[in-house]
Amino acid sequence: MGERFGKGCHLHLIDGSAFIFRAYHALPPLTRKSDGLPVGAVAGFCNMLWRYVQTDDGHTAPTHAAVIFDHSSKTFRNEIYPAYKAQRPEPPEDLRPQFPLTRDATRAFNIACIETEGYEADDIIAAMACAARNAGGTATIISSDKDLMQLIGDGVDMLDPIKNKLIGPDEVFEKFGVGPDRVVDVQALAGDAVDNVPGAPGIGIKTAALLIQEYGDLETLLSRAEEIKQPKRRQTLIEHADQIRVSKRLVQLDCATPLDVTLESLEVKAPDADRLLAFLSEMEFRTLTNRVAESLGAEAPAVQAAPASEAPAAPDQPAIDMGLYETVTTPEALDAWIAAIGEAGQVAIDTETTSLDEMQADLVGISLAVAPGRACYIPLGHVAGGDDLFGQSARVAGQLDPAAVLAALKPVLEDAAILKIGQNLKYDWKMLARHGIQMAPVADTMLMSYALNAGTHNHGMDELAERYLGHKCIPIKELIGSGKAQLHFGQVAIDKAAPYAAEDADVTLRLYQHFLPMLPVEKVSTVYHTLERPMIPVLAQMEMAGIRIDTDVLKRMSNAFAQKMAGLEDEIHGLAGQSFNIGSPKQLGEILFDKMGLSGGKQGKTGAFSTSADVLEDLAAEGHDLPARVLDWRQISKLKSTYTDALPTYVNAETGRVHTSYSITGAQTGRLSSTEPNLQNIPIRTEEGRRIRQAFIAPEGFKLVALDYSQIELRILAHVADIPALKQAFREGIDIHAMTASQMFGVPVEGMDPMIRRRAKAINFGVIYGISGFGLSRNLRIPRAEAQSFIDTYFERFPEIRAYMDKTVADAKQDGYVTTLFGRRINTPGINTSGPAAGGARRAAINAPIQGAAADIIRRAMIRMPDAIADLPARMLLQVHDELVFEVREDAVDDLIARARTIMEAAPEPSVRLSVPLVVDAGQGMNWAEAH
DNA sequence: ACGCTCACG
DNA sequence: GACGTACGTGAGCGTA
């Protein structure tokens, strides 16, 4: 054993029983996958211990440590007072088998595990703390149990492991109104309902503290009880003196509790990696096992619940060597590469262009890779550095003719037997489609990464190469520079461009080989092949189609907005008594809160005042004009700058239409996102904004048709959480929010107060997002308690929802991810962290399977749509999460609606048979506003 | 580059 | 018993 415990030694005493109960109640009931053994509390316990072992946050690091447990419920206190802790319920059925496992866990962490028959953990902790102090050392008690606070004093303090807050004499005083040395006196008087410590009836902590402060200590108080002025208190103390004395003996911890270990034996030892990992993997704690293994630099043992089959290793790949790449400049060399592609049966391809906007970019070169390290670059459109007098640059000599190269590649790129592999292949697909080549079949490493790793990290090539190949790609900036002087790729010298371009194809092929075997192992093959890959040609064609915009309408609106803003500006400056920039939240905040002295709190990090619509609306409701005008100004300013001014600048000169770009991997849940411009957030909620949709038009002889899923997320919730009441309502086609209101508040659906329905609607939406009383109260602007009682009623009425939420979070905690009905996997890396972010991670985990399933469903519809409407004069143009927008020749509108609706409503099948119907609403018109 | 605000589902 | 609080996006602007 180590040296003698004494000066300079610091003992940590961990309240094990408290850890267990906290873990049990904080976590949903997890079971071990292989045999159903309940292990939730053990999991939480291990997580806490691990966090504890990991934390080095400035408290005195322990030289010695022990975890102390209660041994049994009967102790010497029951002899003094039989009722002590008698009413305490038996530990839950599924917690009992976990007690011994927590001891095993403690030992696995190589921390001493202490318990003594007939004594509570608190007594042992007391004795050890005293012993440490007596030996000249110090001790910290890791617990938030108030019963231990009496021990605080010279050399002994406490650490609340939840709040990570040190508890010293000051904190004790705050809680008990007396110092640690008088805590037992206060407790003896106040009693404790939970532990059945009787105390003095009618006296709580506040009164007890007053009395002790006045009389010094309990004995003095009791002996001088006659002096108490308040008759009731006086009588109580005199009558119950004995009971109070017994109470004191119950709460008093005894430093003389016998110890059967020496302090020296508690010396801190590093965990034995093998032993700890063996225990964790036996418990089948996959996430924690991996985390611990990573931290200890050890190999994680295979966790049983994980797939038995290990991923077959990707083929060994030679190191990346850019000197080996070839620059193709002759027809013979090109033919040789085409032959090599045919032999390999697959090719990684990357196109280099003059712009990131593939709708107006020109092709500069193509790189190909057929095996790791075997890659080439075919320069096609490189130009000399400077422009001539006419803004034209001379094409560099020695490049193959682009048309000839494309013609030679076309058979290969369209060959059904040759796989085309890309990183963000949608971009290259569009580039080549503009030259008459429609690549198929396709693979995309970005989408593979998304299927595997959504939620964990992003899926750009540089990041993937670094993460999975340990390779740092040449930054594009080294070639084209940055800022104003940035070149386009065609202006880069061929000998510089070739290694960069060929490297991209090489890296893409290597990533493909890396990811491919992981898909089946991680069970995301189906998702990748049915929900990701097929989106490439579908989206590419939607983006290329674009949508027609009436720029005149937008310009007129911009002018009208400008006038209105100018008027508001004058009015606002007048109200403020000075001129300022209304668009600056900082200046606005100063005007409102400093100059005008309105009430409104500061905001977090930057210390700036919040001037969000929420805040301004409250101020406006109090009758202040300035904030009301600012709200008007803001709305118009937003519409003008983001929409009516900006949209016309996106009109493509060649097509006369606006071409958005969809990101397949932009959202973690499987939703698409839309950029440059974002056509998924065109205004609709206000009348003024909705008019912007009038500028989205169909060409002469055509109409716009919009079809959208009605309540798709609530329907998915009804199905996955299996909520009979909700499912029945959807089957009967009842107004779902009115039904909810009726069930919650016991009012008939007929003639319902719209306010009540509105509340139910807010709750229905809130549930999907992981509702809280606070959030609902803010949303509905009602008191928090009221909001909370709505939620309570809701969960009472639909208990299945709570069960579903708990299960979802439990799955996330255990697996590190959640899945949708269709197998999409969304990783939840933050789910096991603590602190404020934990709540957000929890809500995201609850929302992801619902939002994700809705995303899967519309993807399935979109993938089937082109074939289903191939013979109609119609094109799919836009997707807005639960809506598809088409452009259709007037005479085919009805056909299109019928076909598209059928596809959309049956989209889950045959993979999933929903227990509720999906309903699609349709609209049509000359413009998008009418189509709604 | 980052935070604030606000448009959408 | 307290903690911070709806989920998911993208764009434009002001400020550092």
Side-chain angles (χ1 to χ4, degrees), chain A residues 22 25 144 146 160 162-165 175 194 454-455 581-589 603-616 630-631 634-643 645-647 650 660-663 666-686 688-690 692-693 708-709 711-713 717 762-780 784 787-788 791 826 834-852 854-855 858 878-883:
Chain A
R22 183 167 304 276
H25 291 292
S144 51
K146 61 183 179 353
D160 181 335
I162 306 306
K163 293 184 218 156
N164 200 19
K165 196 177 129 202
K175 184 162 184 71
V194 178
N581 183 349
I582 304 167
S584 159
K586 186 165 170 272
Q587 293 180 32
L588 176 62
Q603 271 270 7
K605 295 171 214 165
T606 57
F609 295 110
S610 170
T611 66
S612 64
D614 259 9
V615 174
L616 298 188
V630 170
L631 282 167
R634 275 212 185 137
Q635 200 205 345
I636 296 165
S637 164
K638 174 81 174 179
L639 295 178
K640 183 170 185 293
S641 68
T642 308
Y643 301 105
D645 284 353
L647 281 173
Y650 284 101
T660 184
S661 179
Y662 289 103
S663 168
Q668 326 235 323
T669 52
R671 273 195 180 181
L672 303 178
S673 72
S674 158
T675 62
E676 288 183 296
N678 181 354
L679 295 186
Q680 291 182 322
N681 73 346
I682 303 302
I684 193 169
R685 290 176 189 171
T686 66
E688 196 122 56
R690 185 193 293 254
I692 291 173
R693 294 191 173 222
D708 69 289
Y709 285 107
Q711 313 279 16
I712 188 166
E713 292 193 355
L717 175 69
I763 297 175
N764 275 333
F765 278 109
V767 159
I768 294 172
Y769 301 144
I771 199 162
S772 76
F774 181 90
L776 185 68
S777 81
R778 211 173 48 170
N779 188 294
L780 286 176
R784 211 176 133 171
Q788 189 56 54
I791 295 171
I826 297 129
S834 60
R842 197 176 162 280
R843 291 189 296 272
I846 290 170
N847 176 255
I850 301 169
Q851 188 181 114
I858 197 164
L878 302 178
Q879 189 250 41
V880 192
H881 309 308
D882 63 357
E883 170 185 2

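In what follows, every chain begins at residue 1, and chains take the letters A, B, ... in the order their sequences are listed.
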Across all strands, who's sitting opposite C/dT5 as a Watson-Crick or G-U wobble pair, both distances under 3.5 Å? none

Return the pairing partner of B/dA1 with a 3.5 Å limit on both distances, Watson-Crick or G-U wobble; otherwise return none. C/dT15

Side-chain contact, heavy-atom cut-off 4.5 Å: A/P677 with A/L647? yes

Atom pair distance, as rounded to whole Å: CZ in A/R842 and C1' in C/dT5: 11 Å

Heavy atoms, side chains only, cut-off 4.5 Å: are A/L679 and A/V880 in contact? no

Nearest-Å distance for atom pair CD/C1', residues A/Q879 and B/dG9: 10 Å

For A/K640 and B/dC6, what is the distance between atoms NZ and P respectively, to the nearest whole Å? 18 Å

Whether the side chain of A/S674 engages the backbone of A/Y662 through a donor-acceptor N/O pair (distance < 3.5 Å, no angle test) should be reported. no

Test your reading of the model: is there a side-chain donor-acceptor pair from A/R693 to the backbone of A/I682, 3.5 Å cut-off? yes

Answer yes or no: side-chain N or O of A/R784 and base N or O of C/dT5 forming a donor-acceptor pair under 3.5 Å. yes

A/R843 and A/Y769, any side-chain heavy atoms less than 4.5 Å apart: no

Separation of the P atoms in C/dA2 and B/dA7, to the nearest angstrom: 37 Å

Touch check for A/E713, heavy atoms < 4.0 angstrom, all strands: base, sugar-phosphate only, or nothing? nothing

For C/dT5 and A/R843 - does any side-chain N or O of the residue sit under 4.0 Å from the phosphate oxygens OP1/OP2? no

Only counting residues at least two apart or in another chain, list the ones meeting salt bridge (Lys or Arg N to Asp or Glu O under 4.0 Å) with A/E883. none

Pairing partner of B/dC6, by Watson-Crick or G-U wobble and under 3.5 Å for both distances, is C/dG10

Taking any heavy-atom pair under 4.0 Å as a contact, classify A/A841: base, sugar-phosphate, or nothing. nothing

Side chains of A/R634 and A/L588, heavy atoms from C-beta outward: is any pair under 4.5 Å? yes

Take A/N779 and A/K175, find for each the nucleotide of DNA chain C with the closest heavy atom, and name the residue whose nucleotide sits nearer the 5' end. A/K175

Measuring only the P atom in each nucleotide, how far is C/dA6 from B/dT5? A whole number of Å is fine. 14 Å

Report which part of the nucleic acid A/I684 touches: base, sugar-phosphate, or nothing (heavy-atom distance under 4.0 Å, all strands). sugar-phosphate

Taking the side chain as C-beta and beyond, is there a heavy-atom pair between A/Q680 and A/Q879 under 4.5 Å? yes

Reading nucleotides 10-16 of chain C 5' to 3', which nucleotides get B (base under 4.0 Å from a protein heavy atom), which S (sugar-phosphate only), which -? BBSSSSS

Contact class for A/A613 (heavy atom, under 4.0 Å): base, sugar-phosphate, or nothing? sugar-phosphate

Rounded distance in Å - OH (A/Y662) to C1' (B/dC8): 12 Å

Tell me the interatomic distance from A/I826, atom CD1, to C/dG8, atom C1', rounded to whole angstroms. 11 Å

Taking only side-chain N and O atoms of A/R685, does any of them lie within less than 4.0 angstrom of OP1 or OP2 on B/dA7? no

How would you label the contact of A/T611 with the nucleic acid (heavy atoms, under 4.0 Å): base, sugar-phosphate, or nothing? sugar-phosphate

Check the distance between B/dG9's P and A/E883's CD and give it to me in whole angstrom. 8 Å

Please report, rounded to the nearest Å, how far the P atom of C/dT5 is from the CG atom of A/D614. 13 Å

So do A/N847 and A/I768 actually touch side chain to side chain, heavy atoms under 4.5 Å? yes

Are OP1 or OP2 of C/dG8 and a side-chain N or O of A/R671 less than 4.0 angstrom apart? no

Between C/dA6, C/dG8, C/dG1, which one does the side chain of A/I771 approach most closely? C/dA6

Whole-angstrom distance between B/dC6 and C/dG4, as gauged at atom C1': 23 Å

Measure from CD on A/Q680 to P on C/dT9 and round the result to the nearest Å. 11 Å

